[in-house]
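Have a look at the structure below, then the notes.
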2 protein chains.
Amino acid sequence: MNQYTQYSKGCSACKDKADIFSCLCQTELDQIDEKRIEVHFKAGELIFKQGTPNMHFLCLTQGKVKTYIEGFNDKNLILSVVKPVEYILGPGIYADQMHHFSAMAIEDSVACLVDLVTFKSLIRNNPDFAEDFLKKISLQSIYNYELFISLTQKQMPGRIADVLLYLKDKVYGSNSFRTSLSRQDLADMSGMSKESAIRILREFKDEGIIQVNGNDFEILNTEHLSKISQTG
Amino acid sequence: MNQYTQYSKGCSACKDKADIFSCLCQTELDQIDEKRIEVHFKAGELIFKQGTPNMHFLCLTQGKVKTYIEGFNDKNLILSVVKPVEYILGPGIYADQMHHFSAMAIEDSVACLVDLVTFKSLIRNNPDFAEDFLKKISLQSIYNYELFISLTQKQMPGRIADVLLYLKDKVYGSNSFRTSLSRQDLADMSGMSKESAIRILREFKDEGIIQVNGNDFEILNTEHLSKISQTG
DNA sequence: CAAAGATAATGACATATATCAATATATCGG
DNA sequence: CCGATATATTGATATATGTCATTATCTTTG
C-alpha cells in the first residue's frame with residue numbers, strides 16, 4: 001500500500017465511500033473514470049485560484065482543502081474546509097466558467113479532475129444525478145445563510161464558537177482534533193483579526209470550555225459553546 | 001386595463017418579458033399555467049416566512065419584494081430586492097422543503113405560485129430548463145459571495161456604497177429612483193444600525209456624491225461611489 | 001385639520017474590535 | 001543541534017460602530 005493505491009481503484013472505490021456518485025450507474029462511472037485526472041497536492045499548495053477559468057469538476061479523495069474568497073487588503077474569508085470524499089464545486093460551472101473562490105490544500109491531498117463537458121452531460125442525461133447535485137448545492141447554500149448570520153450578527157465569541165462547532169461536527173467529527181489550520185485561518189473563518197481569534201480562544205480555555213495546546217483542540221463543554229453561539 | 005389584466009394573459013405573457021421561461025415549450029407553459037395560483041399582496045405583507053414549509057415555486061409578476069434572513073435580536077439581513085419578472089426561490093426546494101429566508105412585499109405586488117411537483121418534473125424532463133435553473137442559482141450564489149465580502153471586509157461607507165450601486169444597477173436601473181425601502185431596510189442590507197446608515201447617507205450627500213430627499217435618491221457621482229466601494 | 005403614531009435625523013456616549021509593537025514559541029533547513 | 005524564519009501570544013492604544021436619548025419630520029386617520 002503506498003500513496004498511489006487509491007489511483008488504481010478508480011471511481012467505483014469512491015462510490016462506496018461517498019453518496020455523491022450513488023445515482024450513477026456503472027457505465028456512467030466508467031465514463032468519468034476514463035476522463036479522470038488524479039493530482040497530488042502538498043500541504044499549502046494552491047489547487048485553483050479565484051479569477052482563473054473553471055474548466056474542471058473537482059473531487060477530493062484524500063487530505064483536506066480550504067476554500068476561501070480573496071477579499072480586500074489581502075484578507076481572506078474561508079468558506080469551507082473540505083474533506084474526502086466530497087467535491088469542490090463553484091458557481092462558475094453554470095455561470096461564467098470562472099472560479100469565484102480559491103482552494104488550497106491544508107494537508108497533503110489527492111483530487112480527481114473531470115472535464116466539465118463530461119460532468120454537464122451527466123447532469124443533462126441523468127435526472128437523478130441532477131437532483132442530487134441540486135440538493136448538494138442547496139445544502140451548501142443553506143450553510144452559507146448560517147454563515148451570513150454568524151459573520152454579520154454575532155460578536156466574536158459567538159463567531160469563534162461557530163467555527164469550533166463547525167470543525168467538530170463537519171470537518172473532524174470528534175470533540176478532540178488536531179487541525180492543520182493556523183490561527184490566521186481560524187480568524188479568516190470568523191471574519192476577525194488573528195489577534196482577536198487568539199484572545200477569544202484563550203478566554204474559552206480559561207473558562208474551561210475548551211482545551212487548546214498548539215494545534216490540538218478539545219471541546220470540553222459543547223452545550224456551553226452552543227449557548228455562546230446562540231446568544232451571539 | 002385594471003390590476004387583473006395580467007391575470008388573463010397567463011405564463012405566455014411572462015415568457016415575453018423574462019428569459020426565465022425561454023426554455024419551455026408551449027405545452028410546458030400550459031402545464032404551469034394550469035397549476036398556477038395568482039396572489040395579490042399589499043405593501044408590507046409577508047409572502048412567506050422563514051421556518052415554514054416551502055411548497056411552491058414563486059414568480060413575481062408585479063411589484064417589488066425583499067427577501068431577508070431573520071437573525072438574532074430581531075435583526076434582519078436583506079438578501080435581495082426582487083423585481084418582475086423574476087422568481088423567488090430558496091434552497092429548501094431541493095433540500096429540506098423549508099423556507100430559509102422570509103419574503104415581504106415592499107410595494108403592492110402580484111406573484112404566481114406553482115406547486116413544486118410540477119416544477120421539479122419540468123427540471124427532470126427538460127435539461128435546457130434545468131441548466132437554465134442551475135445558471136440562475138449560480139448567479140445568485142456569485143452575488144452572495146460579493147455580499148460576503150462587502151459585509152465582512154468593508155467599512156460602513158463601502159457597504160452603503162454597495163447598497164446604492166445595487167439599487168441603481170439591479171433594482172431600479174437608473175441613477176435616480178424613489179424607493180419604498182425604509183432606512184431600516186437600507187441598514188438591514190448593509191449590516192449596520194439604522195442610525196449609522198443615516199449618518200453615512202448624510203456624509204455622501206454633504207460630499208455631493210448623492211442627492212437624497214426622503215425616499216428619493218439620485219446618484220450624482222457613480223465613479224466616486226464605485227471608488228468608495230473598492231477602497232472598503 | 002389635528003392628534004397620534006411611525007419613521008427619520010442628530011448628538012453624546014459606550015464598547016467591541018482592529019491595529020501596532022513587543023515578546024515568546026514553534027518549525028525548519030543545513 | 002542550532003540559527004533563522006514563521007507563527008503565536010500578549011498588552012497598550014486607536015477607532016469604527018452600536019446604543020441611548022432627544023428632537024424633527026412625515027404619514028395616517030378620525
Side-chain angles (χ1 to χ4, degrees), chain A residues 42-44 66 71-78 104 106-108 150-163 178-206 210-217 228 231-232, chain B residues 42-44 66 71-78 104 106-108 150-163 178-206 210-217 228 231-232:
Chain A
K42 293 204 199 82
K66 66 175 176 183
F72 292 90
N73 304 112
D74 294 308
K75 267 197 269 187
N76 296 330
L77 179 68
I78 293 180
M104 183 182 282
I106 59 170
E107 298 174 3
D108 291 355
S150 179
L151 292 173
T152 63
Q153 300 192 348
K154 294 183 187 180
Q155 305 197 158
M156 296 197 297
R159 306 212 295 274
I160 290 289
D162 285 339
V163 167
R178 159 174 279 264
T179 184
S180 41
L181 293 162
S182 67
R183 299 299 140 109
Q184 182 66 59
D185 285 330
L186 299 180
D188 289 345
M189 290 177 81
S190 46
M192 65 184 71
S193 69
K194 68 174 183 308
E195 289 95 334
S196 291
I198 288 165
R199 265 182 267 265
I200 305 292
L201 287 173
R202 158 152 279 280
E203 283 176 34
F204 285 2
K205 187 179 179 180
D206 289 347
I210 60 171
Q211 188 49 256
V212 196
N213 204 318
N215 288 334
D216 288 315
F217 287 76
I228 292 171
T231 52
Chain B
K42 292 204 198 81
K66 66 174 176 184
F72 292 89
N73 303 113
D74 293 308
K75 267 196 270 185
N76 296 330
L77 178 68
I78 294 181
M104 183 182 282
I106 58 170
E107 297 175 4
D108 291 354
S150 178
L151 292 173
T152 63
Q153 300 193 347
K154 294 184 187 181
Q155 305 197 156
M156 297 198 296
R159 305 213 295 274
I160 290 288
D162 284 340
V163 167
R178 158 174 278 263
T179 185
S180 40
L181 294 161
S182 68
R183 297 300 140 109
Q184 182 65 60
D185 286 329
L186 299 180
D188 289 344
M189 291 176 80
S190 46
M192 64 184 72
S193 68
K194 65 176 185 305
E195 291 94 333
S196 291
I198 288 165
R199 265 183 267 265
I200 305 293
L201 286 174
R202 158 152 279 280
E203 281 176 35
F204 285 2
K205 187 179 179 181
D206 290 347
I210 60 170
Q211 186 51 255
V212 196
N213 204 317
N215 288 333
D216 289 314
F217 287 77
I228 291 170
T231 53

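What you are looking at is a predicted structure, and each value in this text was computed from that prediction instead of being measured. Below, chain A is the first sequence line, B the second, and so on; all start at residue 1.
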Requested in this report: Flag yes if more than 12 heavy atoms outside Lys194(B) fall under 6.0 Å of its NZ atom; otherwise flag no.
Outcome: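 Atom NZ in Lys194(B) is not packed in, count stays at 12 or less.
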Report summary line: Protein-proximity profile, nucleotides 4-18 of chain C, B/S/- by nucleotide at the 4.0 Å heavy-atom cutoff, equals ----SBBBB---SSS
Query raised in the report: Taking NZ, NE, NH1 and NH2 as the nitrogens, is one of them in Lys42(A) or Asp108(A) under 4.0 Å from a carboxylate oxygen of the other?
Result: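 Looking at Lys42(A) and Asp108(A), the cut-off is not met.
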Query raised in the report: Looking at Asp188(A) and Lys75(A), does any basic side-chain N land under 4.0 Å from a carboxylate oxygen?
Result: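 No salt bridge links Asp188(A) with Lys75(A).
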Requested in this report: Could you tell me whether the side chains of Asn215(B) and Thr179(B) share a donor-acceptor contact shorter than 3.5 Å?
Outcome: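 Judged by distance alone, the side chains do not pair up.
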Report task. Please name all residues satisfying ring-ring contact (aromatic ring centres under 6.0 Å, His included) with Phe204(B), sequence neighbours left out, ordered by chain then number. Result ->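 By the ring-ring contact (aromatic ring centres under 6.0 Å, His included) rule, Phe204(B) matches no residue at all.
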Query - Distance (rounded to the nearest 0.5 Å) between Ser190(B) OG and Asp162(B) CG - result: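 Taking OG in Ser190(B) and CG in Asp162(B), the distance rounds to 9.5 Å.
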Requested in this report: With rounding to the nearest 0.5 Å, note down the distance linking CG in Leu201(A) to CD1 in Ile160(A).
Outcome: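 So the CG of Leu201(A) and the CD1 of Ile160(A) are separated by 5.0 Å.
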Report task. Using chain A heavy atoms and a threshold of under 4.0 Å, write down where along DNA chain D the contacts begin and end, 5' to 3'. Result ->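 Footprint of chain A along DNA chain D, 5' to 3': dA8(D) to dA12(D).
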